[in-house]
Amino acid sequence: MKKNININLFGTLYAIDEDACTLLENYLDNMCSYFAKRDGGDEIFDDIEHRVAEHLWSLKESGMTAIDIDTVKQIISSIGNPDEMESGVEEAADSKTEETSDAEADSEDKEQSEGEDQGEGEGKDNGQSEGKAQSQSYSNTSNDTDSNTTAEETVGGKWIDRVLHHVSTHRFYRDGKDKIGGGVISGLCHYCGGGDIVVWRVGIVLFLLAIFVLNQTFRYYFISPLLGFLFFVPIIIYIVLWLVAPMARTTEERLSMTGEEVTPESISKAIIAEAEEQVKPNVKRGKGGSVLSRIAEIVKFCIKTIALISFSALTAFALAYLIFSIAYAVIGDPFIRLFTNDDITLSFMASIPYMKFYIVVSALCCFIAALLPLLLIVRSFKSEPKPMRMGIIAMLSGIWIVAMTLGFIMFVMIGIQMQKKGREYDRLENTHNGIYMDRNNWDLTSQNGWNIEVAKNFGETIYGWSDEDPLCMEKNPIRIRADKSNQPIEFVMSRKEAKEEGDYVLECLSSCSVVDATLSVWSEGKCLSELRLDGYGSASNIPLKGLLWEESRKIPLLCQQNDSTTWVDNVLQNDDWRYLSTAPFHHKGGIIEYRLHIGQHDVKDIVTNGGFVKMVHEGLRKQ
Amino acid sequence: MNIDNAKSQMRKGMLEFCIMLLLRHRAAYASDIIANLKEAELIVVEGTLYPLLTRLKKDGLLGYEWQESTQGPPRKYYSLTPDGEATLSELDKAWQEIAHTVNVLKNIKPKE
């Protein structure tokens, strides 16, 4: 007993068996997706549907009440499958023509056997074996080996031939009929030559689990990044394939997915097989699968949407950049003047050689690198994206990689040039009296009233005043490093202050790795007193490290510090700081000048380790 | 030499010409054409016709109009356009030449 359904074709009802209906549907679907690819395909498909309707009509007229599957098979074989029909339309490649002619021979056989109802299967088998024999004899007589028809011969050859043959017969599709997520793994399984899909799934999941566990176990070893790489790369590949690879929808695509020969005969066989399979009640697939796959669809949609948004934004940015860069390249300076009137920026832009070239090329690369993925994503939103040829995929990825690489190189070039120019400009701007320091240093020295008089052989920069102050009294110590020129360094800076008459000591907190660093105090051209910052020969020299709060009370400069907690925090931890003061001396009143002099002839030590002089809270204390 | 292949190549070259020949005197619908072509053993599967018709129509050689049918679904009646007629006479000339050539060649080697 078979279920019977009514179908409506162009306004007429036909009673048809369920399996026959499924077969007819599959056949028409296959036809539709085949011709959808070409110009005028809709019309061809429509005509074919009409032809089917005519066949059904004449059967109905002749008194057939219900159409069964054999009748549908007859209709299909008389109208033909897409490849058979194509033989009259396009100048097919030689291999294809041969296939088709074989196929025609096959279908002639079929037609002959059509009369016998039962014998059709046999007839087909005969046709197939004949076709094979034919192709075998063909390949024996000619050197032109056709990958499709001479499969049996080439399998015996070198492994590379086998691989090439495998690649030429298989195409990567996601398997929509057997999927949990995106059908990527089952597609991979088919592509790699089959096997049990469950083994593949479990194997891949176990592999990922093992990698994850190993990664967690060896978290602190050098191998960890490698394991992380092994863990994430398959996942990324999976997602990318899901997004990019088409799903096998038509029978033809399913055949090339599993690597079977795509001939009219194999297509019709597969269509019939699928029809019979579909009619069977499907017990295996529980609800869990559909829920899972629905969740997967949702997740996939979310990923695609996010990717779409981010790549749209990227592309928009890249496009804006491209437009700006082209405008800059064409218009030049006036274009920049729309945004800024800063002459330095303008001359800065103009002074970099090939700047326009770098900018335009990098913009173009950015645009391509962003646009290609965007197009792929947009394409994946289409309900039935056509499969892409390997050649096109390879070409697109090639273009993308080139664009990425070129863009990266361009940005690095721009970066290097900008840095170079930037340094030049910085030097020009921050050199006073032939002394170069960075802007921050100049600001701090002038804030503290210091005037730099000499700075020799400090190379690129004098590392200036840091915010370091052991007493947190917001004064900035001087901190100096020698450069790599291996020349003796010399540094002098001075600061003036008015002091009334009296007896004074010169004191400061210092931390110093340079031997020859002195702080002196002068009045009317005479040196009143001098303090070596390494502490040698000073009247008092008290290291701050380990100095207790109570002890620190005895030192006048440190008394100003009231808070015992910051004392512990700041001072006890500081290795190098010491309190220095000279013996008392007399000052008769008026302007005094502090001079810090740093000089070192043997700079080897400084060059390798970096010499520094830190000094803070320098001043005179009345006795 | 693959005989089937050669035969199908020959047929392929002639198909469009034959279709236009069939439509020379009267409009016909696809099933008519199919019946004629099948009778002449020019096509194996019916579907072959449809892509050809679509292409001829796209080239402006054929036109069609829908007609209601008492037997089954409405039918497309195809007919030659003036362009199609011109092309047909060109093709006809070409065919004469080919036939002539073949005849001449046949007469040169009557034994084969």
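Every chain is numbered from 1 and lettered A, B, ... according to where its sequence line falls, protein lines coming before strand lines. Computed from heavy atoms alone, side chains included, the values below leave out hydrogens, waters and symmetry copies.
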With side chains defined as the heavy atoms from C-beta onward, is the minimum distance between A:Glu43 and B:Lys76 less than 4.5 Å?
-> yes

Please round to the nearest 0.5 Å and tell me the distance separating atom CD1 of A:Ile44 and atom CZ of B:Arg55.
-> 10.0 Å

Beyond-backbone contact of B:Ile34 with A:Arg51, side-chain heavy atoms, under 4.5 angstrom = yes

Taking the side chain as every heavy atom from C-beta outward, state whether A:Glu54 and B:Tyr29 have any atom pair closer than 4.5 Å.
-> yes

Measure the spacing between CD1 of A:Ile48 and CG of B:Leu49 and express it to the nearest 0.5 Å.
-> 10.0 Å

Is the number of heavy atoms from other residues, nucleotides or ligands under 6.0 Å of A:Glu61 CD greater than 12?
-> yes

Nearest-0.5 Å distance that lies between atom OG in B:Ser31 and atom NE2 in A:His55 | 7.0 Å

Would you name the heavy atoms of B:Val45 and A:Ile79 that are closest together and state the gap between them?
-> CB-O, 3.3 Å

Does atom CG of A:Asp42 have more than 12 heavy-atom neighbours from other groups under 6.0 Å away?
-> no

